[in-house]
2 protein chains.
Amino acid sequence: MAGKEGPRPGGRSARVQASVHGAVQALMTRMERAEVTIPMIAAEAGVTPSTIYRRWGDIQELLADVAVERLRPDMEPVDTGIGGRDLLAWAEQYAEEMSSKPGRAMIRDVLAAQDGSGAYQCCNFTKQQIEVIAARAEGRGEAFPDVDAVMDRVVSPIMYRILFGEVPDTARVARLVTGAMELVSPAPAPV
Amino acid sequence: MAGKEGPRPGGRSARVQASVHGAVQALMTRMERAEVTIPMIAAEAGVTPSTIYRRWGDIQELLADVAVERLRPDMEPVDTGIGGRDLLAWAEQYAEEMSSKPGRAMIRDVLAAQDGSGAYQCCNFTKQQIEVIAARAEGRGEAFPDVDAVMDRVVSPIMYRILFGEVPDTARVARLVTGAMELVSPAPAPV
DNA sequence: GCCACAAAAGCAAATAATTTGCGTTTATGG
DNA sequence: CCATAAACGCAAATTATTTGCTTTTGTGGC
């Protein structure tokens, strides 16, 4: 009954979307976030402002849309041969990218949008990356913590610090990863 | 030489600040966040828009300013007699308040401001609450985890889920608190 | 208490952004 | 190739933001 909700006549053009996204990225490198206006983006993209207003509503939604695209992972986590090492390498890169100036700006843009679906998507990007690492580890017969546990023990603390406090350094990230891995590996006696 | 930087002649009036804050809070209960404009706030507060523009710059900064004030804890964590129970009670209330609609709106407002000092302040509010619980526990001779550990193991996962995914339920919060307390109490053998 | 002064606030004109109605273009299914 | 519905462009109307200037207000010195 349902059938796929195929694009109906006059569907939105991908060209406008692409040029507007490109314009946003170009402008964001040249000026402060607060300086960028929709008329500016429209001029850079070669469209009229009303097109952007009608399609995205306001600049927050547009910036969030662009940020989600840029936060989408473009490659699989590197394979070091050991799950724990994969996770450490991934976490270090994640922390570095997300605490960079553009990284933090993108996160802020995603969270600032009233539509919370962007944040949810970003969370899923992260989960999927961890799932890849977990699946590889299990394929090798290694023990690997639950994805939820990794989110709680590694991802959350990194993100919290980036958003609310000082950016986490390498040593702290390593400690978080070690702590998560100890959930499944023999915990060394602390004495 | 330095001396205290006492307010100089013509210093900013606290009355305007108070009426503008009040106007923001009043309007936020009556309408959607995206509907609230500076001219509206100015009218409600009985000041001119230019006063708000000059003092706060844009609506993001104003909303962040108001949100930080509202996120400031107004009382000490309840004292149940046991540190672990104090932490659980506090965490449950924190999770509930922060995942409520107004709570999430306030967090978003704080994070959306370009001035990151609001987020830093909110983090410190949380730390201070936990420090109170920790100090009480130590005063009783109980073992209690480091504040940083509580931030990583309890606060961060709660906040991450509120911001990026589904809100944490009571059971999850309890599990997080138990996990943090096990850092200092005899961990039960998992068999 | 009064004066001088500097920071805020009010006012209003100028500028810029946002909304909206309407005609035109464009992509899709038949 | 035609019919159609969704986007888009354009331009006028509305609304928000900026800014120069004046007036008010809070503070320290006398």
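Since the structure is predicted, the reported quantities are computational estimates derived from the model, not experimental observations. Quick note on labels: first sequence line is chain A, next is B, and so on, each numbered from 1.
Near DNA chain C, meaning a heavy atom under 4.0 Å from it, residues 32-42 of chain A has T37(A), I38(A), P39(A) in order of number. Of the residues in residues 17-29 of chain A, none lies under 4.0 Å from DNA chain D by heavy-atom distance.
In this structure E97(A) satisfies the salt bridge (Lys or Arg N to Asp or Glu O under 4.0 Å) test with no other residue, sequence neighbours excluded. For R55(A), the side-chain hydrogen bond (donor to acceptor under 3.5 Å, both in side chains) partners two or more places apart in sequence, or in a different chain, are Q17(A). Residues passing the side-chain hydrogen bond (donor to acceptor under 3.5 Å, both in side chains) test with D79(B) are R140(B), sequence neighbours excluded. Residues meeting the side-chain hydrogen bond (donor to acceptor under 3.5 Å, both in side chains) test with R54(B), sequence neighbours left out: none. Scanning for salt bridge (Lys or Arg N to Asp or Glu O under 4.0 Å) contacts around E69(B) gives R72(B), with sequence neighbours left out. Legend: residues meeting side-chain hydrogen bond (donor to acceptor under 3.5 Å, both in side chains) with D109(A), ordered by chain and number and at least two apart, are R33(A).
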Could you pull out the protein-nucleic contacts involving nucleotides 4-6 of chain D (nitrogen or oxygen on both sides, under 3.5 Å)?
unit_1, atom_1, unit_2, atom_2, d
dA6(D), O4', P9(A), O, 3.0

Output one line per pair: protein atom, nucleotide atom from nucleotides 21-23 of chain C, and distance, for all N/O pairs under 3.5 Å.
unit_1, atom_1, unit_2, atom_2, d
dG21(C), O6, R54(A), NH2, 2.3

Identify every side-chain donor-acceptor pair in residues 41-50 of chain A under 3.5 Å, counting partners at least two apart or on other chains, and give the distances.
unit_1, atom_1, unit_2, atom_2, d
E44(A), OE1, R30(A), NH2, 2.9
T48(A), OG1, T51(A), OG1, 3.2

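For T48(B), counting side-chain heavy atoms from C-beta on, the closest listed nucleotide (dA7(D), dA9(C), dG10(C)) is dG10(C).
Sorted pairs that involve residues 14-27 of chain B and meet salt bridge (Lys or Arg N to Asp or Glu O under 4.0 Å), not counting sequence neighbours, are lacking altogether.
Applying the 4.0 Å criterion to OP1 and OP2 of dA8(C), one finds that T51(B) has every side-chain N and O outside that range.
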